[in-house]
Each structure stands twice: as C-alpha cells, then as structure tokens.
Number of protein chains: 2
Amino acid sequence: MNRQATNGGHADGTVGKALDVMDRVAAKGRPARFAELLAESDHPKATLYRLLQTLTSQGMLIYDETRQTYAPGLRLVRLAHAAWQQSSLAPIARPFVDALSKQVGETIHLAQMDQGQVLYVDKRNARRPVEMFSEAGKIGPGYCTGVGKAMLAFLPPDDREKAVNMQSFFAHTSRTLTTPEALTQELAAIRAAGISFDREEHEQGIICIAAPILSSARRVMGGLSITASTQRNTLDGLARLRPALTETAHKIAGAAENWQFPD
Amino acid sequence: MNRQATNGGHADGTVGKALDVMDRVAAKGRPARFAELLAESDHPKATLYRLLQTLTSQGMLIYDETRQTYAPGLRLVRLAHAAWQQSSLAPIARPFVDALSKQVGETIHLAQMDQGQVLYVDKRNARRPVEMFSEAGKIGPGYCTGVGKAMLAFLPPDDREKAVNMQSFFAHTSRTLTTPEALTQELAAIRAAGISFDREEHEQGIICIAAPILSSARRVMGGLSITASTQRNTLDGLARLRPALTETAHKIAGAAENWQFPD
DNA sequence: TCAGAGAGTTCCACATATTGAAACTCAATT
DNA sequence: AATTGAGTTTCAATATGTGGAACTCTCTGA
C-alpha cells in the first residue's frame with residue numbers, strides 16, 4: 001500500500017477511512033441513514049457499520065435512535081473552534097476586515113484554500129450582523145468565485161494545475177467558465193492584473209472584486225473579496241474599491257507573517 | 001480490551017487514539033511541538049509520531065515545517081460547519097434568539113451540553129456584532145455558568161450525577177461552588193425554580209439568568225441565557241426578564257421538535 | 001397468518017495495519 | 001570532536017480491523 005503524502009485523495013489507514021466516512025456524512029447536509037451511506041460507500045456493510053459505531057462513540061457523529069440517522073457531532077464544533085482560531089487568518093485579519101467593511105459598506109469575504117475549494121473563514125455583511133458558522137466554514141467552488149480565482153491564480157504552477165483539474169465545472173450561470181482551458185487563461189489574466197472579478201459567474205446578479213493575500217514570499221495565504229449585487233453596484237464601481245481591497249490584503253498578509261503565538 | 005459504549009472516557013481503537021491526539025493539539029490553544037505532545041501523551045514516540053503524520057496527511061492537522069509545530073487543520077472548520085447546521089440548535093433557534101436579543105438588549109447565549117461541559121453554539125451581543133467562532137464553538141465550565149447549571153439541573157439523575165462528577169471544580173471567584181455537594185444542592189434548587197442564576201460565579205462582575213431548553217419529554221436539549229454586567233444590571237433586573245427568557249426557550253424547544261429535514 | 005424483502009446487527013477465521021523498542025539522522029551545544 | 005536532544009525510520013510481533021455470511025427484526029402484501 002502507499003501512504004498519501006499530502007492527502008487530496010483519500011484513505012491511509014483506519015483513521016483515513018473513518019474520516020472519509022465523516023466527510024460523507026457531513027456532505028449529505030442532513031441526517032443520513034445507514035443504507036444511504038452504505039450505497040455511496042465502497043466499504044462492506046460490516047466495516048462501514050463499525051466505523052460509524054466508532055465515530056458515534058467518539059462524539060464525532062450523533063446517532064438519532066428513533067430516526068436511525070447519523071449526523072456530524074458537536075465534538076467537531078469544539079475542535080473547529082480551535083482550528084479557526086489557530087489556523088485560519090480570521091482572528092488576525094479581523095481588525096482589517098472590520099475596517100474595510102466600515103469603509104466600503106459592502107459584503108466582505110475572507111477565504112482560504114482547502115482541497116481546491118474555497119473555504120470561507122470570515123464574513124462581514126453590509127446589512128445583517130454576521131451569520132456565524134453558517135458562513136464561516138461554508139465552502140464554495142474555486143473556479144467561479146472571485147476569491148477562488150484570485151487564490152488559484154497565484155498558486156505555484158504545479159499546485160495550480162492540480163487544483164484546476166480538481167474543479168468540478170458546472171455552469172451555474174451563462175457566464176461561468178466551464179473548461180480547464182478557459183479557467184487557466186482567465187487565471188493568467190488575473191495574475192497579470194493582480195486582481196480578479198466575479199462577473200455573475202456563480203450567481204445571477206452577484207458580482208465581486210477579489211484579491212489574493214500573499215506572503216512576502218508570494219505564497220497564497222488566502223483571499224479577500226468585496227461582493228455586491230448588480231442592483232446596487234457595477235463592476236466599474238467595484239473596480240474603484242481596488243486600492244482599499246489590495247491595501248487591506250497587504251495589511252493582513254503583513255500581520256499574519258509577523259504573528260507569533262505568545263510564549 | 002474493552003470498548004467504551006458511550007464515550008466520555010477515551011480511546012476505542014486506532015480512530016479513538018487519533019482523535020485523542022486531535023483533542024490534545026486543539027486543547028493546547030497554540031501550535032504545539034512534537035516533544036510537548038509526547039510529554040503529555042502516554043503513547044510511545046513512534047506511535048504518536050505516526051498518528052500525527054496520519055492526521056496531518058488527512059488535513060485534520062496542519063504542520064508548520066519551519067517551526068515544526070502542529071495545529072488543528074481547516075478540514076475541521078468544514079466539518080464543523082455541517083455539524084453546527086445539522087446537529088446544533090442554533091439554526092433553528094436563530095429567529096427566536098434574534099427576537100429575544102432585540103427585546104431585552106443584553107447578551108444572549110445559546111448553549112448545549114458536550115461531555116459535561118457547556119458548548120456555546122450561538123451568541124448575540126448587545127453592543128458589538130457577533131464574534132463568530134470565537135464564541136460559537138467555545139466551551140465553558142458546567143458548574144459555574146448559568147446555562148451550565150440550568151442544563152445539569154434537568155438532566156436525568158444518573159447522567160446528572162455522572163456530569164457533576166466530571167466537573168473539575170475551580171474557584172474562579174469567591175462565589176464559585178467548588179464541591180459536588182454544593183453543586184448538587186444548587187441543582188435541586190434550580191430544578192424547583194425552573195431557572196438558574198450565575199451570581200458572579202464564573203467571572204467577577206458578570207451575572208446571568210438562564211433557562212434550560214426542554215423537549216416535551218423533558219429531555220435537555222440546550223440552555224439559553226441572558227448575561228449582563230453588575231454595572232449595567234442586577235440579579236433582580238435579570239429576574240424580571242424571566243418570562244421573555246422562558247418563553248423563548250419554549251419556542252425553541254417547540255421548533256426543534258417539529259423540525260424535520262426537508263426530504 | 002405467513003412468506004418475503006429490506007434494514008440493521010453480530011460472528012469469527014483471516015489478513016493487515018498498528019505497535020514500540022531500538023537504531024538512526026541531523027542539528028545545535030559544549 | 002564529542003555530547004545531547006529532537007525528530008525520524010525500521011521491523012518483527014501482534015493487536016486491530018476486515019468482510020462474507022448468517023442472523024434478527026420490522027415492515028409489507030397476499
């Protein structure tokens with residue numbers, strides 16, 4: 001057997017299998033029955049059964065006896081709190097994101113790359129107060145969002161190619177880029193421009209301008225975007241926010257690089 | 001070997017051990033070195049090493065090569081999003097919590113029990129906008145918080161006793177209850193009153209009134225609290241909010257029981 | 001009322017993944 | 001050059017996990 005180095009694919013060891021199952025349950029988006037999971041899984045009945053039992057006994061899953069369904073457990077929420085605090089840009093970026101939010105008055109997203117997808121780690125909404133986990137922790141596609149493209153564009157060539165091929169292209173709107181070639185070309189343009197736009201590629205009527213957050217060594221640390229609806233703003237209007245956006249991105253990068261956990 | 005039935009203690013199987021390690025890393029609250037973890041762990045060097053490798057390759061941990069430290073990984077944030085949405089009361093309770101927040105204008109906490117501790121799943125802050133994960137996902141002690149005591153009080157006797165003995169009593173303030181006996185007595189009083197108070201037991205100057213969220217079968221689903229500082233309010237003042245608090249708790253319970261995931 | 005189907009659970013001989021003492025590498029000290 | 005300590009690798013022993021098959025329920029329909 002081989003042992004995956006950087007993950008991306010799946011399953012090394014029992015732990016890997018168990019976590020695969022976790023992912024599957026989480027991905028369902030609602031409590032799942034044993035049979036459902038069995039159908040999608042390539043594990044034999046008994047194996048899957050035992051994995052579910054183990055995960056449940058560990059609090060990683062919650063089993064609803066009356067409905068006979070499995071759902072992700074609260075232990076995850078606990079663990080994620082630590083992850084968000086320690087490993088995401090959000091805590092460090094907060095003051096800068098706050099400031100940007102106040103300044104531009106539009107919706108702000110702070111995101112990081114996770115397995116070729118966009119993982120939103122923080123958000124400021126123009127109107128309603130922050131929407132907790134329902135936004136932080138949410139994932140989005142890499143190929144048709146502003147932050148996604150901004151981050152992909154500045155990945156090292158190999159990683160970028162790998163990530164591009166990991167995308168599962170779907171035409172959310174008529175403007176969505178739906179081929180690796182189109183995306184690759186767009187990414188080159190973004191690299192040249194230093195900034196990316198979402199021209200209603202993900203959702204009709206939603207546009208955004210996004211910038212990568214790059215370390216001094218030009219490593220992609222995350223992405224930052226300003227989103228608006230076509231009713232309230234235009235691409236040109238967003239383009240005018242570019243200085244504020246990139247400046248904030250730089251500040252975040254600087255803060256993140258200098259950050260050391262207090263001894 | 002035995003196989004733990006309901007968790008609470010630890011480690012069944014390899015998966016259990018791996019998750020133990022996860023917990024340890026998360027608990028450190030900052031990136032941890034191998035040696036640190038080794039010192040605290042009762043696994044031999046090589047074993048711990050492999051577990052860390054597996055977890056890292058799975059994205060459950062992030063390894064910082066230059067500093068040689070492990071931290072919880074972003075994969076957790078993703079999984080937790082699903083957990084929070086599906087298994088916590090927060091999404092269902094949101095409208096009610098919003099309404100209560102608007103009505104009373106003080107800080108609101110929505111919490112659930114997790115391994116004898118209080119896990120905050122949502123929060124509304126009177127002044128500043130919500131503080132994201134830094135609050136949702138945070139854990140607190142069960143024996144000296146309003147929500148903690150409210151939930152403990154209404155647990156079935158056996159579970160309650162177990163939970164009481166799971167508390168690691170520490171005198172945060174001069175008013176903290178520091179013995180199982182004192183707590184048990186307080187819980188009886190709370191059960192009689194139907195409501196609990198935190199009389200600066202956890203933090204000097206912070207008081208709160210809390211109610212359990214009970215299913216129609218009287219199972220504890222969670223807890224809801226209104227918090228204030230002694231500068232802004234008094235216990236009597238909070239006591240006047242009791243109707244609003246309990247009514248909201250009832251509404252949440254009702255909504256949660258009727259909730260079905262759409263087919 | 002009873003056969004049949006489907007979901008969930010248990011069993012156990014077998015195979016593999018996990019174990020951990022010990023040996024090793026690679027700095028940083030002394 | 002010798003020493004120490006952190007981190008990494010090896011490998012035989014074996015504890016753990018595997019999965020086909022058999023079993024138990026609980027429905028469903030004749």
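Convention: sequence-line order gives letters A, B, ...; per-chain numbering from 1.
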- For B/Thr47 and for A/Gln68, find the nucleotide of DNA chain C with the closest heavy atom, then tell me which residue's nucleotide is more 5'. A/Gln68
- Task: Not counting sequence neighbours, which residues clear ring pair (Phe, Tyr, Trp, His ring centres under 6.0 Å) with A/His172? List them please.
- Result: A/Phe170, A/His202
- Task: Return the set of residues passing side-chain contact (heavy atoms from CB on, under 4.5 Å) with B/Ser41 (not counting sequence neighbours), or none when no residue passes.
- Result: B/His43, B/Leu48
- Note on the structure: Residue set satisfying side-chain contact (heavy atoms from CB on, under 4.5 Å) with A/Ile190, at least two apart, ordered chain then number -> A/Lys149, A/Ala153, A/Phe154, A/Glu186, A/Leu187, A/Ser196
- In whole angstroms, how far is the P atom of C/dT9 from the CG atom of A/Leu52? 10 Å
- Tell me, with the steps shown, if B/Glu257 and B/Arg219 meet salt bridge (charged side-chain N to carboxylate O under 4.0 Å, His left out). CA-CA 11 Å; B/Glu257 284 202 298; B/Arg219 199 178 58 76; over 6 Å; no
- Starting from the first five and the last five pairs of the helix from C/dT1-D/dA30 to C/dT30-D/dA1, work out the angle between the resulting helix axes, to 10 degrees. 30°
Pairwise N/O distances under 3.5 Å, protein to nucleotides 9-12 of chain D:
from, atom 1, to, atom 2, distance (Å)
D/dT9, OP2, B/Tyr49, OH, 3.4

- Side-chain donor or acceptor of B/Gln112 paired with backbone N/O of B/Leu89 under 3.5 Å: yes
- With no hydrogens and no angle check, is any side-chain donor or acceptor of A/Thr176 less than 3.5 Å from a backbone partner on A/Thr178? no
- Query: Got more than 12 heavy atoms from elsewhere within 6.0 Å of CD, B/Glu40?
  - Reply: yes
- Note on the structure: Rounded to whole Å, CG of A/Leu48 lies from C1' of C/dT10 at a distance of 15 Å
- Rounding to a whole Å, what distance do you find between B/Leu19:CG and C/dT18:C1'? 16 Å
- Item | Protein-nucleotide distance (B/Lys17, atom NZ; C/dA17, atom P), rounded to Å | 16 Å
- Message: I need the NE2-P distance between A/His43 and C/dT9, as an integer number of Å.
- Response: 18 Å
- Partner residues of B/Tyr63 under the side-chain contact (heavy atoms from CB on, under 4.5 Å) criterion, sequence neighbours left out: B/Thr56, B/Glu65, B/Gln68, B/Tyr70
- Item | Distance in angstrom units between A/Arg67 CZ and C/dA7 C1', rounded | 18 Å
- Atom-to-atom span, CG of A/Leu51 to C1' of D/dG17 - whole angstrom: 9 Å
- Item | Nearest to side-chain heavy atoms of B/Phe34, which nucleotide of D/dT8, C/dT18, C/dG8 | D/dT8
- With respect to the side chain of A/Pro44, which nucleotide from D/dG20, D/dT8, C/dA21 is positioned closest? D/dG20
- Item | Proximal nucleotide (of D/dT8, D/dT18, C/dA7) relative to the A/Ala35 side chain | C/dA7
- Query: Any side-chain donor-acceptor pair under 3.5 Å between B/Gln115 and A/Arg75?
  - Reply: no
- Among D/dT18, C/dA21, C/dT18, the one nearest B/Thr14 by side-chain distance: C/dT18
- With DNA chain C as reference, determine whether A/Val15 or A/Tyr70 sits nearer its 5' end, using the nearest nucleotide of each. A/Tyr70
- B/Leu37 CG - D/dT8 P separation (whole Å): 12 Å
